[in-house]
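Here is the structure we will look at, set down as C-alpha cells.
Excluded from the calculations below are hydrogen atoms, water molecules and symmetry mates; all remaining heavy atoms, backbone and side chain alike, are included. Computed from a predicted structure; not experimentally measured.
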Amino acid sequence: MWMSLRSSGLPPVPERTARVARAAFPKGSLPIRVRDRLGEVFADEPFVEAFGVRGAPGLSPGVLSLVTVLQFAENLTDRQAAVMAVRAIDWKYALGVELEDPGFDFSVLSKFRARLVEHDMERVVFEKLLEHCREAGLVAAGGKQRTDATHVISAVRDLNRLELAGESVRAALEALAAAAPSWLASVVDVPELAHRYGQRIEGWTLPASKTKRERLALVFGQDALALCRAVWAPGAPGWLREIEPVALLRQVLVQTYVISTDTRGREVVRKREADTDGVPPGHLRLASPYDADARWAAKGEDLFWLGYKVHLTETCDTPAEAEAEAEAGAVGRQEPVRAVNLITDVLTTVATVPDVKATATVQAALTARGLKPAEHYLDSGYPSADLITQAAGQGIIMVTPVLLDHSPQAKAAAGYDKNAFGIDWKTRQATCPEGRTSTGWHPVKQHGRDAIVVEFARSDCRECPVLKLCTRSRRGNRMLTLYPEHLHAALTTARAEQKSRTWKDKYALRSGIEGTINQALDLTGLRRARYRGLPKVRLQHTFSATAINIVRLDAHWTTTDTPPRTGRLARLGYQLTA
C-alpha cells in the first residue's frame, strides 16, 4: 500500500515555520488564512474507508486534499503543486511542515485522485466545506440560488471516423502488447501491424483521394475484426476482454462497420452509412479510444464540442437578505455575518445530456445538504411543466422562462395559438375563437409522458372563414396537444407572469451565474478537462468549485476584517471606535 492513514488531519504548524511565515506575510495569504480558519475541514476521518492503517506512513488524505484545493486555486499542474509545497513558505505553513521539509513526489497527487475516484470520495472536501459554512451561517436553506451550465472540452484529440477506427486498433494493440505480448505474437503478425500502427493515426497525412480513404478504412475494419475475433476466441484468456481499449475497439467496430456476406459467400467488411445502415445516437457513439465517456454535442449553430458539461449552482441572496438570514440563524454570534455567494452544487454530465435532465438532480442534492432554496433561478433549458410542478410541491419556486407555445401560429405571432382556445376540463372540450367546440378528447402518451390531444371536426374547420389563421394542416382540421390539467394550469400561470416587468426585473438576478462560470474558467481552467473519463472530470470540477469557494471566502475575510478604504475622516473614525 502506497499510503497509510496515520494522522488525524493537518499536523500542528511548527513554531519556526509559523514565525517565518508571519514575518514573510505580515498581512497573511490565502494558504495561511485557509489553514487558520478552515483547518478542521481537511480532516482524515472521512477518508478512513479509502486509506488503510497498515504499511509505510505517508502523507495524510487531509494534507493531500488541502494541496489539491490549493493546486486548483492557483491552476497548477501536479509538478508545480509539488514544487510549491517545497518552495512556498505559506504552503509549508498551511501543510504544517518544517522549513527543511523536502516535500513529496508529484506522482502522489495522481495516486491520491485515483483513490478518491475509486471510492467515490471526490466530493468529501466540498461537502465538508459547505457544512462548515452552513454552521457559520454563510449558507442556509430557504434563500435564492441560481444554476447554469457550460461546455467542457475533453482531454483527448478530436478524431474523424476514419482516424477513430485506426486509432482504436492501435490503442488495443498497445494495451495487448503490454498485458500479453506472448499471446499477441501468437495470433497476429506483430511486425506487419507494428509497421502499420507504430505511429498515432492522427499524426498521419490521410490520403486526399476518396477511393484511397475508403481503402484505408477497409484495412482498419479488417484489422479490428481480426483482433476482436482473436480476443473473443474460445481459447483466449478471458481477462483480455476486460482490458478497456480492447472492449472499446469492439464497440467502435460495431458502430463504424457492417459485416455481411456477399452472393459468393465471402465475408464483406464495409463502413456503416447513416442513410442506409444507421448510426448510433449521439449519447452512445464513441469519439475516442482513450476516453469512453467523451461525446460530441452541439448547442445552437455556433458551438460544437467533444467532451462534457458542468452545471454550477451558487447562492445569490442580496446582501440585506443574506445578513437577515444569517443573523436569524446564528443565535449567540457576536459578529454579524455578511453576504458571500458560494457554490453549493457542481454536477458534471456527458455532453449529450440536456439541461432539463439536470434540474431534479441538482435540487435533490441541495435538499440533501440542507440547502434547499426557496427560489431557484434557471435559464429556459432547465424547466418543464412536470419539474415546475414537482418543485413547487417541495417548496421550491423555479424562477425561469417556461417553454413557450411552439405552434406555427405562436412562432409567427399571427393566427390563433393555444391561448386563443378555451378549455373546459370538466366537459373535456375545447372551444375555438369562432365558437366551435371540439369533437375529440384523447389521452395519450408522448415521449413517456401523459398528454391530451384535442381534435376539432373537419366539417367545422373546412367551413370556417378564418381557417388559414388557425391551421394549414393537410387534414383540414385543427388539433391541440395539451398537458394534463394541473400542468396546463401551471404553465399558463407561469407564461402570464413572465410577461410582466416585475418578473423580468426579478429574473435579472440569474445573470450573475455567468460571472461565476467566467471566474471558474479563469481561475481553475474549468473549460478544459485535465483528466480522461467522467469520474475524474467530476473530481476536477468538484475541487475547482471548492477552490472557488475558498477564494471567495478569503476575499470575504479580508474585506470584513479590515476597514474600508474611504476618506481620511472615515479612517480616523474607524481608528477611534476600534
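Between the side chain of Glu314 and the backbone N or O of Asn341 there is no donor-acceptor pair closer than 3.5 Å. Without hydrogens or angle criteria, Arg272 side chain to Val254 main chain gives a donor-acceptor distance under 3.5 Å. A donor-acceptor contact shorter than 3.5 Å is absent between the side chain of Arg146 and the backbone of Arg510. Although no hydrogens or angles enter the test, the distance criterion places no donor-acceptor pair under 3.5 Å between the side chain of Gln145 and the main chain of Thr344. In this structure, the side chain of Arg241 does not engage the main chain of Val246 through any donor-acceptor pair within 3.5 Å. Without hydrogens or angle criteria, Thr400 side chain to Asp379 main chain gives a donor-acceptor distance under 3.5 Å. Checking side-chain atoms of Arg213 against main-chain N and O of Ala208 turns up a donor-acceptor pair under 3.5 Å. Without hydrogens or angle criteria, Thr17 side chain to Val97 main chain gives a donor-acceptor distance under 3.5 Å. In this structure, the side chain of Asp293 engages the main chain of Leu534 through a donor-acceptor pair within 3.5 Å. Between the side chain of Arg295 and the main chain of Ala351, no donor-acceptor pair closer than 3.5 Å is present.
Phe25 does not carry Arg35 over the face of its six-membered ring by the limits of under 6.0 Å from the centre and within 45° of the normal.
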I'd like to know whether Leu30 forms a side chain to side chain contact (heavy atoms under 4.5 Å, CB included) with Glu74, so could you lay out the CA-CA distance, the side-chain angles of the two residues, the decisive distance to 0.1 Å, and finally the verdict.
CA-CA 10 Å; Leu30 185 143; Glu74 300 189 27; 5.9 Å; no

Between Arg552 and Thr516, is the side-chain hydrogen bond (donor to acceptor under 3.5 Å, both in side chains) condition met? List the steps.
CA-CA 11 Å; Arg552 290 184 172 187; Thr516 295; 2.8 Å; yes

Run the side-chain hydrogen bond (donor to acceptor under 3.5 Å, both in side chains) test on His376 and Gln363 for me, step by step, so that the C-alpha distance in whole Å, both residues' side-chain angles and the decisive distance to 0.1 Å come before the verdict.
CA-CA 9 Å; His376 194 185; Gln363 292 175 350; 3.1 Å; yes

Evaluate the salt bridge (charged side-chain N to carboxylate O under 4.0 Å, His left out) criterion for residues Arg33 and Asp90: first the C-alpha distance (whole Å), next the side-chain angles of each, then the deciding distance (0.1 Å), finally the verdict.
CA-CA 9 Å; Arg33 284 186 286 269; Asp90 54 347; over 6 Å; no

Hey, mind stepping through Tyr257 and Asp277 against side-chain hydrogen bond (donor to acceptor under 3.5 Å, both in side chains) and telling me if it holds?
CA-CA 9 Å; Tyr257 294 94; Asp277 305 311; over 6 Å; no

Step by step, work out the side chain to side chain contact (heavy atoms under 4.5 Å, CB included) result for Ile89 and Lys92.
CA-CA 5 Å; Ile89 296 175; Lys92 286 183 177 291; 5.6 Å; no

Would you sort out whether Trp305 and Arg527 count as a side chain to side chain contact (heavy atoms under 4.5 Å, CB included), showing the intermediate values?
CA-CA 11 Å; Trp305 81 98; Arg527 176 63 51 77; over 6 Å; no

One pair to check against side chain to side chain contact (heavy atoms under 4.5 Å, CB included): Leu66 and Leu95. What are the steps and the verdict?
CA-CA 8 Å; Leu66 175 56; Leu95 302 181; 3.9 Å; yes

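No donor-acceptor contact under 3.5 angstrom links the side chains of Arg161 and Thr256, judged on distance only. Between the side chains of Glu174 and Tyr197, no donor N or O sits under 3.5 Å from an acceptor N or O. Residues Ser107 and Asp105 have side chains that bring a donor and an acceptor to within less than 3.5 angstrom of each other.
Annotation: Arg157, atom CZ; neighbour count of heavy atoms from other residues, nucleotides and ligands within 6.0 Å does not exceed 12. In Arg79, the CZ atom is not crowded: 12 or fewer heavy atoms of neighbouring residues, nucleotides or ligands sit closer than 6.0 Å. When the shell of 6.0 Å around NZ of Lys536 is examined, it contains 12 or fewer heavy atoms from other residues, nucleotides or ligands.
With a 4.5 Å cut-off on side-chain heavy atoms, Val310 and Val346 count as touching. No side-chain heavy atom of Val124 sits less than 4.5 Å from a side-chain heavy atom of Pro61. In this structure, Tyr308 and Asp291 have side chains that are in contact, with non-hydrogen atoms separated by less than 4.5 Å. For the pair Val67 and Trp91, the minimum side-chain heavy-atom distance is below 4.5 Å. Taking the side chain as every heavy atom from C-beta outward, Asp44 and Val48 never approach each other to under 4.5 Å. At least one side-chain heavy atom of Val353 sits less than 4.5 Å from a side-chain heavy atom of Val350. Taking 4.5 Å as the limit, every side-chain heavy atom of Phe126 sits out of range of all side-chain heavy atoms of Val69. No side-chain heavy atom of Thr546 sits less than 4.5 Å from a side-chain heavy atom of Thr68.
Contact detail for Leu387 and Ala360: the closest heavy-atom pair is CD2-CB, 4.0 Å. Residues Val169 and Leu227 share a closest heavy-atom pair of O-CD2, 4.4 Å. Considering every non-hydrogen atom in both Leu284 and Gln255, the closest pair reads O-NE2, 3.0 Å. Nearest approach of Val125 to Val41, heavy atoms of both residues: O-CG1, 4.1 Å. Here the shortest heavy-atom pairing between Ala81 and Leu109 reads CB-CD1, 4.0 Å. Of all heavy-atom pairs between Ala155 and Ala529, the closest is CB-O, 3.4 Å.
A distance of 11.5 Å separates CD1 of Ile517 from CD of Gln519, quoted to the nearest 0.5 Å. Atom OG of residue Ser60 and atom CG of residue Leu10 lie 6.5 Å apart, to the nearest 0.5 angstrom. Taking CD1 of Ile343 as the start and SG of Cys133 as the end, the distance is 11.5 Å to the nearest 0.5 Å. Between the CG atom in Leu70 and the CG atom in Leu76 there is a gap of 9.0 Å [rounded to 0.5 Å].
Ion pairing between a basic and an acidic side chain is recognised when a charged N comes within 4.0 Å of a carboxylate O; Asp78 and Arg113 show such pairing. Salt bridge absent: Arg532 and Glu244 never bring a charged side-chain N and a carboxylate O closer than 4.0 Å.
Aromatic rings of Tyr382 and His311 (six-membered ring for Trp) have centroids within the 6.0 Å cut-off, being under it.
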